[in-house]
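Some notes on the structure that comes next.
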Amino acid sequence: MASRLADPRLGVPRAGTSEALAGAASGSEVGPVAPADPVIVDFSSPNIAKEMHVGHLRSTIIGDALARVLEFRGHPVLRLNHVGDWGTQFGMLITHLKQVAPQALTTADAVDLGDLVAFYRQAKARFDADEAFQTTAREEVVRLQSGDPVSRRAWQLLCEQSRREFQAIYDRLDIRLNERGESFYNPYLEAVVADLDASGLLVQDDGAQCVFLEGVSGKEGKPLPVIVRKTDGGFNYATTDLAAIRYRFADSPAGDGARRVIYVTDAGQASHFAGVFQVARRAGWIPAGSRLEHVPFGLVQGEDGKKLKTRSGDTVRLKDLLDEAVERCEADLRRRLAEEGRAESEEFIRHVATTVGLAAVKYADLSQNRTTNYQFSFDRMLALQGNTAPYLLYAVVRIAGIARKGGDVVTDSDQPLQFSEPQEWALVRQLLDFDAVIAAVEDELLPNRLCAYLFELSQVFNRFYDQVPVLKAPPQARESRLALCRLSADTLKLGLGLLGIPTLERM
RNA sequence: GGGGCUGUAGCUCAGCCGGAUAGAGCGACGGUUUCCUAAACCGUAGGUCGUGGGUUCGAGUCCCGCCAGCCCCGCCA
């Protein structure tokens, strides 16, 4: 306990160092310290010219939390936003815009993202219905991919427009990401196919170039192919994903030199990644001892158990969803303040509502085992009791209240800590589990384990708070209890921080 | 047709790679406030772990069959 109080890392060893000794001294059993291998977390990944929706929310929140945990453990983490900024869709969109809104392709800010989404929809409809349009669109893709300046400029404008919109969301959620879209891998696609050919994996089938998968059979018992070059000579997303894997594991400067690559996408892509991973492995692109992992998550469903939609049947925009969470939170806070006769500044109310609202959205998502579908409910996530963000944040607030009224805790007190009550021991036991939980999350990539731990910690703390006096305790017990409070607060703040959730002093 | 995921209390979910009487929250019912924010705490009721077999000293957990829901399956990403 004493060593934890003096340790800003709360007993979690940093990978690749000998801090495991410190962990052992405090009685933890984290096991051998992993080397500080470079890790890539590929997450969020929205598509240009489309709006972010709840599907991106899960990837963004889970990916960010995993990246934070891995960073905290001492790994150099590259957070990659593999945005959909390449491919047939741009042929469609640019062709359509050239005809109906050419200014959008030459002038910045001529259209906003909402317009783009509408244009995209129109373009897609024409593409599906009109063969001539389809041909023109495909030609446009070829022009873009071969670097035609007019196409290139149009593409850049579209990307910038979308990028600003995405960034607003990321800023709001405090998410750091490096954009490296599909287009980045364009120069490597030829080499990928050449490599596969050289290793004898490439097979010409039905006009397309494929690699046939081992152990996976499709219709009529034929092996399932991964198509890396289409009949028309173009590449597709599998080629891009392969190029990305190859680049990410390749040593610098021709690559990222990663030793663990993590993809946070919906579970629907599981078989796609399984196929692509197998091809990459057989091509010899994955160094021995490296980990290549798909971190799948389930669908976000409405309370009816179906895919989440607005009342009018549209997909829910992420921005609207976050707004509503904050608005509901603010309304609830104002009602509560009125009931309690508390007067708080507008700034306080806005700050608390924003923090709690966004925390609730994040926590609701992270606290579930990601592999299952997840039922989205404002009422449940904003509930003040139960396994929710407000409950955890409230525990932190209670401790802050003690600190305000009880002064500072002496960090290097000569007095040995003394505990007598079962509630104290329960809290001690829970606090000492923190490092093992972090190690488990690092290994299993399941943020809900950390959530469950923090919820239990809050419960144990609330019991302690309710049943054991702190400030009114006799001097020696008081010091020990204040130390428990401080370590509880530190653990909650650090743990929530690793989930991307900031805490409050008052709420 | 092939493959994947899921099925645990009325509801939403845990259950950490088999180990003791299956856990939590919500909801229901009943309590607690001259005291550090009651956004809390305490208690009661509620489950043949989808189903049928098998492996094991021991299965919610592993294997097989079946049923139900969702998702994926050659040139979209």
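Side chains are part of it too, since the values below use all heavy atoms of this structure and drop only hydrogens, waters and symmetry mates. Every chain is numbered from 1, with letters handed out A, B, ... down the list of sequences.
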* Contact under 4.0 Å: Gln375(A) side-chain N or O vs rU12(B) OP1/OP2 -> yes

* Between Phe90(A) and Trp155(A), how do the two ring planes meet: parallel, tilted or perpendicular, split at 30° and 60°? -> perpendicular

Selection from [options] that lies nearest to any side-chain heavy atom of [X]:
{"X": "Gln385(A)", "options": "rG25(B), rA40(B), rA39(B)", "result": "rA40(B)"}
{"X": "Leu299(A)", "options": "rA14(B), rA77(B), rC71(B)", "result": "rC71(B)"}
{"X": "Arg380(A)", "options": "rC11(B), rA40(B), rG74(B)", "result": "rC11(B)"}

* Structure fact -> For RNA chain B, consecutive-pair runs of 3 or more (Watson-Crick or G-U wobble, both H-bond-type distances under 3.5 Å) give B:1-7 with B:67-73, B:10-13 with B:23-26, B:28-32 with B:40-44, B:50-54 with B:62-66

* Asked: Is Ser271(A) side chain donor-acceptor paired with the rC73(B) base, going by distance under 3.5 Å alone?
  -> no

Measuring only the [atom1] atom in each nucleotide, how far is [N] from [M]? A whole number of Å is fine.
{"N": "rG65(B)", "M": "rC26(B)", "atom1": "C1'", "value": "37 Å"}
{"N": "rG54(B)", "M": "rA9(B)", "atom1": "P", "value": "25 Å"}
{"N": "rG15(B)", "M": "rC72(B)", "atom1": "P", "value": "25 Å"}
{"N": "rC42(B)", "M": "rU48(B)", "atom1": "P", "value": "27 Å"}

* Asked: Backbone N or O of Gly298(A) within a donor-acceptor pair of the Asn373(A) side chain at under 3.5 Å?
  -> no

